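Each remark here refers to the structure printed beneath this line.
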Amino acid sequence: MRLQHLTLILIGIVFTIGLLGATAPVFAAPAAATAAPGPVVTAALPPGPKAPPSGAAIAQTCAGCHGTEGQLKSAAFMPLAGMPKAQLVQAMHDFRSGKRPATLMRHVAEGFSDAEIDAMASYFAKVKPE
Amino acid sequence: MNIMHSRRQFLLAGAASLGLAAFPAIVRAGQASARIVIIGGGVGGATAAKYLKMADPSLQVTVIEKNPVYIRPYGSSEVLNQHATMQALEVRYDALQQKHGVAFVFDAAKSLDPVRKTVTTASGKVLAYDKLIVSPGIKLRYESLPGYSEQLAETQVPSGWIAGAQTALLAKQLQGMRDGGTFVLAAPPNPYRCPPGPYERAALMTEWFAKHNPRAKVIIADPKDSFVTDETAMLGWNRLYGFQPPAEYRSKIKAELLPASKPCALEWIQAKAGGTPQRLDAKTMTLHTAGGAIKADVINIIPAMVAGQIAFDFGLTNDSGFCPVHRTTFESTLHKDVHVIGDASMADAMPKSGFSANTQAKWVARVITDQLAGRSSGTPVWENTCYALAGKDYGLFVADVFKIKDDGKIGRVNKARYLPFDATPAQIRLSAVYQQAWIQAFTQDIFA
């Protein structure tokens with residue numbers, strides 16, 4: 001009996017660790033990963049046909065121009081690592097509405113919902129700039 | 001044996017006995033780390049290797065690649081107009097090996113045993129894998145144009161669509177072309193690698209000739225009636241070279257077109273105007289098209305293409321010559337635990353571009369690490385950005401975000417995708433600045 005209880009508790013712990021691992025930025029400093037729970041609600045939604053992609057998965061698609069994990073020093077693009085969440089959310093909304101002039105960022109921003117923009121901004125805000 | 005299964009079994013057994021499962025580090029130490037073998041060290045393969053090691057440094061990641069130095073194809077047309085050197089195209093695998101701990105086997109992959117899960121190389125080395133990623137790029141079908149061959153491509157009529165010696169040969173021919181000569185570029189049929197690339201190449205040479213060989217002519221012979229970025233490219237050509245777009249494009253282009261002042265040095269012969277290449281006569285340097293014969297001084301043929309040869313040798317292709325995959329995982333529909341990414345894969349609306357290969361590779365790295373850890377990867381998302389040039393200071397692009405649509409296929413979710421017609425001169429110039437910056441940033445994301 002006791003063994004069964006212990007098993008359930010342990011499985012619960014493993015599951016929790018798994019969820020944390022899935023939503024935390026891979027390269028954030030350990031402190032950053034545990035700080036500010038923030039609205040990672042979107043990224044933690046159970047996957048399904050209607051679930052948005054995780055913030056981490058979206059962030060990876062930005063890296064082809066904005067650098068791996070948003071770390072970029074020498075190119076003409078904005079580095080995204082550590083950008084305050086509100087700033088990135090505002091920028092993406094303004095690109096999407098056309099309020100902010102852009103070359104191709106309007107087209108890219110059109111591809112993402114409010115929840116997805118929120119998730120990617122949460123992700124980058126937690127990455128420690130190098 | 002499947003790592004995922006063994007891990008699940010271990011979790012259950014461990015939880016019941018010692019409770020070790022609560023400590024993932026100990027779990028990992030208790031089993032051999034998974035072996036990921038990657039075929040091809042191009043954009044797809046190298047990105048996958050780096051992102052796998054970033055996600056889980058304990059994975060054993062091995063890339064099998066023929067060439068010890070990578071010659072990047074993206075931006076390689078800039079060798080032709082002397083904007084870049086051949087050396088500038090070279091990318092080394094040092095950071096992947098030393099910083100990220102990726103193992104490299106510089107050898108040709110030869111055969112796959114999908115049951116025993118091994119890959120054998122040309123020199124007889126056998127590598128066992130838990131997951132295999134195949135990113136072989138394209139194979140050019142030189143023989144698809146009668147009169148053309150790989151041997152001709154290497155000696156007289158280069159293709160240069162896989163960057164390397166043919167790129168250098170074409171650069172030499174173009175830069176040494178006789179005064180007032182004709183350069184013919186035979187554009188490829190769909191689907192092909194780097195959709196705006198052939199047109200960028202023709203435009204960059206038109207610009208270069210205007211300065212160095214002002215009476216020279218550039219002719220694009222096309223088996224298609226349209227191409228990616230076409231309406232924005234033609235507006236740029238009009239502004240830069242006095243190009244006059246065909247009638248159907250005049251209504252599509254929502255901007256003022258400049259009238260013809262003199263014969264334009266750049267000519268685009270679309271399929272319906274007889275542009276389809278039909279036969280090459282290398283002896284007389286004549287490209288025969290549906291509309292007639294074009295005698296030229298330099299001919300560049302970009303032939304039809306299919307998945308890289310390895311995809312055929314591994315039994316991963318279907319009748320189309322490309323590799324069918326499950327959309328959510330890019331796992332081959334023909335062999336289990338084998339993922340095909342990049343130009344070789346059939347990815348619906350996603351173009352065969354370096355950027356597509358890069359985001360596919362990252363997604364597959366995520367899928368594999370999540371599978372090994374018993375997690376779901378959630379909903380996929382991919383992007384593509386192709387920068388291109390109408391002239392060295394006139395940038396163009398196509399930008400796409402892709403998701404799996406209701407029909408189960410990969411589709412684009414943004415609306416507009418090209419440079420807007422009302423882009424300001426500053427935005428046009430910035431697009432060219434970004435094109436150059438992108439080459440640097442993209443190379444770093446893959447290889448550094």
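All heavy atoms count here, side chains included; hydrogens, waters and symmetry mates do not. Residue numbers begin at 1 in each chain, while the letters A, B, ... track the order of the sequences. Remember, it's a predicted structure, so these values are computed and weren't measured experimentally.
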Subject >> Pair Trp438(B) + Phe442(B): ring centers closer than 6.0 Å >> reply: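 Yes, the ring of Trp438(B) comes within the 6.0 Å limit of the ring of Phe442(B), centre to centre.
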
Interface residue of largest heavy-atom contact number with chain A, from [options], under 4.5 Å:
options: Ala416(B), Ala423(B), Ala399(B); result: Ala416(B)
options: Tyr387(B), Tyr418(B), Phe397(B); result: Phe397(B)
options: Arg417(B), Arg412(B), Gln436(B), Lys50(B); result: Arg417(B)

Is [X] in contact with chain A via its backbone, its side chain, both, or neither, using a 4.5 Å heavy-atom distance?
X: Gln427(B); value: both
X: Thr47(B); value: neither
X: Val413(B); value: both
X: Phe355(B); value: side chain

Subject >> With Trp382(B), the side chain to side chain contact (heavy atoms under 4.5 Å, CB included) member among Thr359(B), Asn358(B), Asp400(B) >> reply: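 So the option named by the test is Thr359(B).
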
**OP:** Could you tell me which portion of Leu72(A) (side chain, backbone, both or neither) has an atom closer than 4.5 angstrom to a non-hydrogen atom of chain B?
**Re:**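 Side chain only.
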
Original post:
With a 4.5 angstrom heavy-atom cut-off, which part of Ala102(A) approaches chain B: side chain, backbone, both or neither?
Top reply: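 Only the backbone of Ala102(A) comes within 4.5 Å of chain B.
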
**OP:** Heavy atoms only, distances under 4.5 angstrom: which of Ala57(A), Ala63(A), Gly64(A) has the most pairs with chain B? Name it, please.
**Re:**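 The option with the most such pairs is Gly64(A).
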
**OP:** Work out which heavy atom in Thr232(B) is nearest to a heavy atom in Leu396(B); give both atom names and the distance.
**Re:**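 Residues Thr232(B) and Leu396(B), closest heavy atoms: O-CD2, 3.7 Å.
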
